[in-house]
Undergrad: 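Structure below; questions to follow.
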Amino acid sequence: MIKATGTITVIEGYDAIRVFLETVWRRHNKPVDEIALLLGSLKWADGSPVDPTTWQDWLAAVQMAASAGRCKIAAGR
C-alpha cells in the first residue's frame with residue numbers, strides 16, 4: 001500500500017485517476033452516460049490517451065498540484 005507521502009509518476013497518476021473514477025462509478029451503479037464519455041477519453045490507445053486533450057488537462061492539473069506544494073495538499077487546501 002502506498003503511503004500518503006509516497007510518490008508516483010505522472011503516467012501512474014493518470015492511470016490512478018482513471019481507475020479511481022471507474023471504481024466509484026461502478027460502486028454507485030451510475031447510468032453509463034454519466035461518466036462513460038470521460039472514462040472512454042481517458043483510456044490508452046497506441047501509447048496515448050484516446051482524447052489527447054485529456055492528457056493536456058491532466059498535465060496542467062499535475063502542474064497546479066505540484067505548484068501548490070505538498071504541505072498545502074496534505075493540509076487539504
Undergrad: Restricting to side-chain hydrogen bond (donor to acceptor under 3.5 Å, both in side chains), what partner residues turn up for Thr9, sequence neighbours left out?
TA: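 Scan of Thr9 (side-chain hydrogen bond (donor to acceptor under 3.5 Å, both in side chains), adjacent residues dropped) gives Glu12.
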
Undergrad: Please enumerate all residues that pass side-chain hydrogen bond (donor to acceptor under 3.5 Å, both in side chains) together with Thr53, with sequence neighbours excluded.
TA: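 With neighbours one apart ignored, the set is Asp51.
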
Undergrad: Under the criterion side chain to side chain contact (heavy atoms under 4.5 Å, CB included), which of Leu39, Leu38, Leu37 is the partner of Ser41?
TA: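 The residue from Leu39, Leu38, Leu37 that satisfies side chain to side chain contact (heavy atoms under 4.5 Å, CB included) with Ser41 turns out to be Leu38.
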
Undergrad: Please check if Ile17 and Val19 belong to a single hydrophobic cluster, counting links between Ile, Leu, Val, Met, Phe, Trp and Tyr side chain heavy atoms closer than 4.5 Å.
TA: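 Result: no, two separate clusters.
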
Undergrad: Which pair of heavy atoms, one from Ala45 and one from Val50, lies closest together, and at what distance?
TA: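 That would be CB-CG2, 4.1 Å.
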
Undergrad: Return all side-chain donor-acceptor pairs below 3.5 angstrom for residues 58-65, not counting sequence neighbours, or 'none' if the list is empty.
TA:
from: Trp58; atom 1: NE1; to: Val10; atom 2: O; distance (Å): 3.1
from: Gln63; atom 1: NE2; to: Ser67; atom 2: OG; distance (Å): 3.2

Undergrad: Where do Leu42 and Arg18 come nearest, in terms of heavy atoms and distance?
TA: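 Heavy atoms of Leu42 and Arg18 come nearest at O-CD, 3.6 Å.
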
Undergrad: Could you grab the distance from atom CH2 of Trp25 to atom CZ of Phe20, nearest 0.5 Å is fine?
TA: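 Here the rounded value is 14.5 Å.
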
Undergrad: Given side-chain contact (heavy atoms from CB on, under 4.5 Å), test Trp55 with Ile11 step by step and report yes or no.
TA: CA-CA 9 Å; Trp55 180 248; Ile11 291 173; 3.7 Å; yes

Undergrad: Looking at every heavy atom in both Thr54 and Pro49, which two are closest together, and how far apart are they?
TA: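 Looking at all heavy atoms of both residues, the closest pair is OG1-CB, 3.8 Å.
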
